[in-house]
Each structure stands twice: as C-alpha cells, then as structure tokens.
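See structure below.
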Amino acid sequence: MDDALILWYTKNKRSLPWREPGVTAWGVLVSEIMLQQTPVARVEPIWLEWMARWPVPSGLAAVSQGEVVRAWGKLGYPRRALRLHAAAAEIAAHHNDIVPSDVDTLLALPGIGDYTARAVAAFAYSRRVPVVDTNVRRVVARAVHGAGDAGPASNARDMADVEVLLPAADAEAALMSIALMELGAMVCTARTPRCVDCPIFGSCAWQKAGRPEYTGPAKPVQRFAGTDRQVRGLLLDVLRDTDGPVTRARLDAVWADSGQRDRCLDSLLVDGLLEQTDAGLFALPGEH
DNA sequence: TAGTCGTGGTA
DNA sequence: TTACCAAGACT
C-alpha cells in the first residue's frame, strides 16, 4: 500500500496550521495534546492563539496555571492544560527549551503517552516510529486484517501491525504514519467509510472479504449527561467566565444535587484545577 | 485493565 | 432525540 497511500496523502492532505512549514516541535506537541479526543475544528483557533502567545515552552511555563486553564477554554479534559503546562516547565528547565525528539524522553513528560510521544517523534522530527491512534487502528483492522473495525486496543500487537507497514527510510516512514492517520480521518472513517475515494481500495483485506460487519466486543458507551464530568465542567465554566475568585454560592447554583456537587468540587481541588482562597472563595489555580 | 476525565457536532 | 464519535492519558 506504501506508494499509493503516500502519494494520496501528498495530494489530498488537509492544510492544517500545525502542518505548515516552519512549525516547531513545540507547535506539533501542543497540537497533539489539544487533539487528544478532540475534533480538529475545535482545536484550530485555540492552537493559533497559543502559538501567537506562547511560541516557546518557557513562555507557557512563565504564566500561572489558572491562565493556562482559562486559555484552554472549552476544549475539554482541562487536566491536559495543566499537564502541558508542567511539560513546558520541564522542557524549559531540563531540555534547553527544546522539545525532545527521543520517544522515551518524551514519554517521561506529563500528559505524553504512547501515541503522543511517537506522533511528536514522527511528525516533528521525521523519526521512523509506529504512530498508533484510533484512526490507524481502524485502517489496519480493515485494510490488513479484513475486519469491520478495530477491537480493543492492544499496544504491543497494534505497534507490531504498524511497524511492518513503515518504509525503511525515516522521512518516508514519517510520511506513511501521517498518511495512515489522514486516511482514517478522511476516508476510512468509523461510520460511513468512503471506499470509492480510497487509494488502497485494491489491496484492502476488508473489501476482499466482502466488507464483513464488526464482530468484536461492543465498545463501552461514554455517557455524559448527569455524570461527574458534566458537573465538573459546569463548575469550571463559572470560573472561566469570571475574573476573580467566586463564592461557594455561585458554584452551588450550577447543580442541584449537593452530594455530587461537593464530590466534584473536591475532585477539582484535588486535580489542581481549582483552589480555595483564605477567605473561603474559589479561584483558578494561581489567580488569587 | 477497566473506569474516569469535557465538550459539542452529527446522523 | 439519542447515540455515537473525535490525533489518549492516567490510575
């Protein structure tokens, strides 16, 4: 599939700001963190703001946690903002303000797991490393294994599956990695794959098998309404919309169930997304 | 390892 | 409308 897929990518890739020439490894890292479980369209404007405001890790590290959480806006999973802030501080202090290119060094940074470490190594430094995200797992499940969709993630197996697809040369392998992801995002999609537009249609094992349905275990459904995640989001939203510390009463107003409210408020304090002032008010971390 | 952690668009 | 889905990490 190699040549056809890479050629397809070079002709059809989306022009995203973090793919522009001259974007630094820091820019790539910020994009990858923001893109975790988050659609491209929502990330774009925030990424542009962050790059204009904090073009190097030390710039981000210099501002308060609260400022970072505020700038994160409504991207979701705001603990990512705190971890990225902490990673920036480590990069500034221990890596000369340069994002590491080595996978193991990247993995040691907060908020950077298997996917993100390899994505940075491949996309920012053109390293030949398997990059396995949900898109790639789906493409491999179909094109290689002939299944309707990917089953539960299995790190070692998934990495081995992708490893054998990578060309020998670093630069070409990195292109293959991004091409696999782009194919999964734009053509080999979860719901309605656009196989008529697929550059590897002719070699796809799923086509050859007659497009069988997915038979693996059902994927767990993530509910949201009524969960702690919703309540935490509502609580944090009060602080994001306010300049200074707020009263307990302001927070109490966002959710009726006091038990759940208290539990969520406490968890936000534990996570460091909120702080309590000496006067008993609540503030974003560092903003009081 | 299965559960948890936000948010909003889409079919 | 509800349910699924979106470049995961952490515990």
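In what follows, chains carry the letters A, B, and so on, assigned in the order in which the sequence lines appear, proteins first and then strands, with residues in each chain numbered from 1. Just so you know, these numbers use all the heavy atoms, side chains as well, and skip hydrogens, waters and symmetry mates.
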Note to self: Is a donor from one side chain sitting under 3.5 angstrom from an acceptor on the other, for A:E287 and A:S64?
What the structure shows: no
Check: What integer distance in Å separates A:W47:CH2 from C:dA7:C1'?
Finding: 15 Å
Margin query: In whole Å, measure the gap between the C1' atoms of B:dT1 and C:dA6 for me.
Written below: 23 Å
Notebook entry, point to check: Is the backbone N or O of A:G27 less than 3.5 Å from a side-chain atom of A:W47, with the two atoms forming a donor-acceptor pair by type?
Noted result: yes
Next item on the list: Tell me what A:R137 touches on the nucleic acid: a base, only sugar-phosphate, or nothing, going by heavy atoms under 4.0 Å.
Entry: nothing
Next item on the list: Quickly work out the A:E44 CD to C:dA7 P distance and round it to whole Å.
Entry: 14 Å
Check: Does CG belonging to A:D243 count more than 12 external heavy atoms closer than 6.0 Å?
Finding: no
Notebook entry, point to check: Would you say A:R137's side chain and A:D158's backbone share a donor-acceptor pair under 3.5 angstrom?
Noted result: no
Margin query: Using a 6.0 Å cut-off, check whether atom CZ of A:R223 has over 12 heavy atoms from anything other than its own residue.
Written below: no
Margin query: Just the rounded figure in Å: distance from P of C:dA9 to CG of A:L29.
Written below: 11 Å
Next item on the list: Assign A:W18 to base, sugar-phosphate, or nothing according to its heavy-atom contacts below 4.0 angstrom with the strands shown.
Entry: base
Check: So what does A:T189 hit on the nucleic acid, given a heavy-atom distance under 4.0 Å: a base, only sugar-phosphate, or nothing?
Finding: nothing
Margin query: If I take atom OG from residue A:S126 and atom CG from residue A:L175, how far apart are they, to the nearest 0.5 angstrom?
Written below: 7.5 Å
Item checked: Separation between the P atoms of C:dA3 and B:dG6, rounded to whole Å -> 22 Å
Check: NA contact type, A:R118, heavy-atom cut-off 4.0 Å: base, sugar-phosphate, or nothing?
Finding: nothing
Notebook entry, point to check: To the nearest 0.5 Å, what is the distance between CG (A:L29) and CE (A:M34)?
Noted result: 10.0 Å
Check: Base, sugar-phosphate alone, or nothing: which one does A:P110 contact when heavy atoms must sit under 4.0 Å apart?
Finding: sugar-phosphate
Next item on the list: Encode nucleotides 4-11 of chain B as B, S and - characters from 5' to 3', where the letter depends on protein heavy atoms closer than 4.0 Å: B to the base, S only to sugar-phosphate, - to neither.
Entry: -BBBBBBS
Next item on the list: Using whole Å, report how far NZ of A:K219 lies from P of C:dC4.
Entry: 11 Å
Next item on the list: Take atom CE of A:M34 and atom C1' of C:dA9, then tell me their distance rounded to the nearest Å.
Entry: 17 Å
Next item on the list: Considering only atom P, compute the distance from C:dA7 to B:dA11 and round it to an integer number of Å.
Entry: 15 Å
Check: Separation of A:M186 atom CE from C:dA6 atom C1', in whole Å?
Finding: 13 Å
Check: Whole-Å distance between C:dG8 P and A:D158 CG?
Finding: 13 Å
Check: With a 4.0 Å cut-off on heavy atoms, is A:A119 in touch with a base, just the backbone sugar-phosphate, or nothing at all?
Finding: nothing
Item checked: Nucleotide C:dG8, atom P - distance to CG of A:L84 in whole Å -> 16 Å
